[in-house]
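Report on one structure; see the data block that follows.
Chain naming here is simple, since letters A, B, ... match the order of the sequence lines and numbering starts at 1 in each.
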Amino acid sequence: MTPRWGMVIDLDRCTGCQACVVACQAENNVPINTEAIYLQHRAIQWIRVERYWEGEFPNIKARYIPVPCMHCSEAPCEPVCPVYATYHTPEGINMQVYNRCIGTRYCSVNCHWHVRFFNFWEPKWPESLHNQLNPDVSVRSRGVMEKCTFCIQRINHAEQNARLDNNRPLRDGEVNTACAQACPTRAIVFGDLNDPESEVAKIANTTDRGYKVLAELGTNPSVLYLKKIDPDAPAEHGAESA
Amino acid sequence: MRRILRPVLFGVVALVLLAIPVVAILARSYFFSPTAQPAKTQPIAFPHPLHVNTLGMDCTFCHRTAATQASAGVPALEQCMFCHKVIPTTNRPNLERLVNAFNSGQPIQWARVHQMPDHVHFVHAMHINAGFQCQTCHGPVQDMTAVSQFRDLRMGDCIACHRQNNARTDCAVCHY
């Protein structure tokens, strides 16, 4: 069966350490965001950790939520592209075809999660990092959109290896995204939602804390969040999801 | 007379100017198509016919990773020296160059022959294991004294073959 790649992010495990962000930048040749670029609001982060505060000063709590691309089944970014540069793969990944993109930026305007990034500048790395670039990932030039791909280079590589190995089906755990691999608390779990035996499907099917960000838009995201368990919260709050 | 001539002249000039980019694009794909390129001169004139036809060596003896990895691999000089250690080099300038390069530890700067378009990831292993011969894409290399590109290897070429063989034509198979 064709896999449907998906992700579960357990906010109760997330400590906001940003290891996923760094791993993603390194894996996917994402240019380095300098302070000047942040001030221009043009930073590129395929996955970002959003921080917000809950409560007032003495009883304040920091909350973190890692936001990769949701890989919506009904992705709002896809129908607005005039050149079909963004499309859905049969495996449920919302892909960006860099060499087709003409940089209209309609997709990023239509994305409610703000996880599409435009290359306003030619990406630059310091001389010492030139050999650090991942050869399996295209370096996007100025003028094209880029976004989280669920580490498609790793998925393709694993699928190729499985086919070379007597055409066997992929095993759970053979493919992992850079962010999930780097997460020290295993807050991010990646896998095939169509395989009921996979870890990600087991969590998604059994949890009672699951919610999807902006689920009310009806885009059916492939990323499921698990609500933070708050020991101080009153009990009747339990079933309510954010 | 001049009243008519001027707009006509203007129109002709404008048409010619507009036609330049169109002609340039057509000429680019016609004259500069990968298969129209002359065979590249290599630092050492490596004779494929001798190694393959006369000596009967298999492609994967030198291009070792063709069946297992994305890149087929150009052999290191050490691999040439498996045999050339014991083959006399007198009056054979190509072999002298090879042995000198090996002894001085200088790699040979082979000229790349097959030009794939940018932004595409090609995996040799998948194609070899699907049962394709090297010659399907590379042409009769065993008969080429100087190797030149045999097939177009642009996207239309890839897609046509993928469709014929029921391979995936999803963008993300090659472009990521």
Within a radius of less than 6.0 Å around [atom1] of [X], do more than 12 heavy atoms belonging to other residues, nucleotides or ligands occur?
{"X": "Arg142(A)", "atom1": "CZ", "value": "no"}
{"X": "Arg163(A)", "atom1": "CZ", "value": "no"}
{"X": "Asn91(B)", "atom1": "CG", "value": "no"}
{"X": "Tyr106(A)", "atom1": "OH", "value": "no"}
{"X": "Phe120(A)", "atom1": "CZ", "value": "yes"}
{"X": "Arg112(B)", "atom1": "CZ", "value": "no"}

Side chain from CB out, backbone as N, CA, C, O: work out which of these in [X] comes under 4.5 Å of a heavy atom of chain B, or both, or neither.
{"X": "Thr89(A)", "answer": "both"}
{"X": "Val137(A)", "answer": "backbone"}
{"X": "Arg140(A)", "answer": "neither"}

Subject >> Any donor-acceptor N/O pair, Asn129(B) side chain to Asp165(A) backbone, under 3.5 Å >> reply: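 No, Asn129(B) side chain to Asp165(A) backbone: no donor-acceptor pair under 3.5 Å.
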**OP:** Could you tell me whether a side-chain N or O of Tyr98(A) sits under 3.5 Å from a main-chain N or O of His175(B), the two making a donor and an acceptor?
**Re:** no
**OP:** Would you check, one step at a time, whether the test side-chain contact (heavy atoms from CB on, under 4.5 Å) holds for Glu159(A) with Arg168(B)?
**Re:** CA-CA 13 Å; Glu159(A) 281 177 349; Arg168(B) 284 169 66 184; 3.4 Å; yes
Just verifying a value: how many Å separate [X] [atom1] and [Y] [atom2], rounded to the nearest 0.5 Å?
{"X": "Asp170(B)", "Y": "Glu91(A)", "atom1": "CG", "atom2": "CD", "value": "7.5 Å"}
{"X": "Cys171(B)", "Y": "Gln96(A)", "atom1": "SG", "atom2": "CD", "value": "10.5 Å"}
{"X": "Met155(B)", "Y": "Asn99(A)", "atom1": "CE", "atom2": "CG", "value": "8.0 Å"}

**OP:** Taking all non-hydrogen atoms of both residues into account, name the closest pair between Tyr176(B) and Ile152(A) and its distance.
**Re:**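 That closest heavy-atom pairing would be CB-CG2, 3.3 Å.
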Original post:
Where do Ala172(B) and Asn156(A) come nearest, in terms of heavy atoms and distance?
Top reply: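 Shortest heavy-atom separation between Ala172(B) and Asn156(A) comes out as O-ND2, 3.0 Å.
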Original post:
What part of His119(B) gets closer than 4.5 Å to chain A, counting heavy atoms only: side chain, backbone, both or neither?
Top reply: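 Interface part for His119(B): both.
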**OP:** Heavy-atom distances under 4.5 Å only: say whether Val120(B) touches chain A with side chain, backbone, both or neither.
**Re:** neither
Subject >> Option in Asp136(A), Asn28(A), Ile155(A) with maximal non-hydrogen atom pairs under 4.5 Å from chain B >> reply: Asp136(A)
Subject >> 4.5 Å side-chain heavy-atom contact, His157(A) and His121(B) >> reply: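 Side chain of His157(A) against side chain of His121(B), heavy atoms only: no contact under 4.5 Å found.
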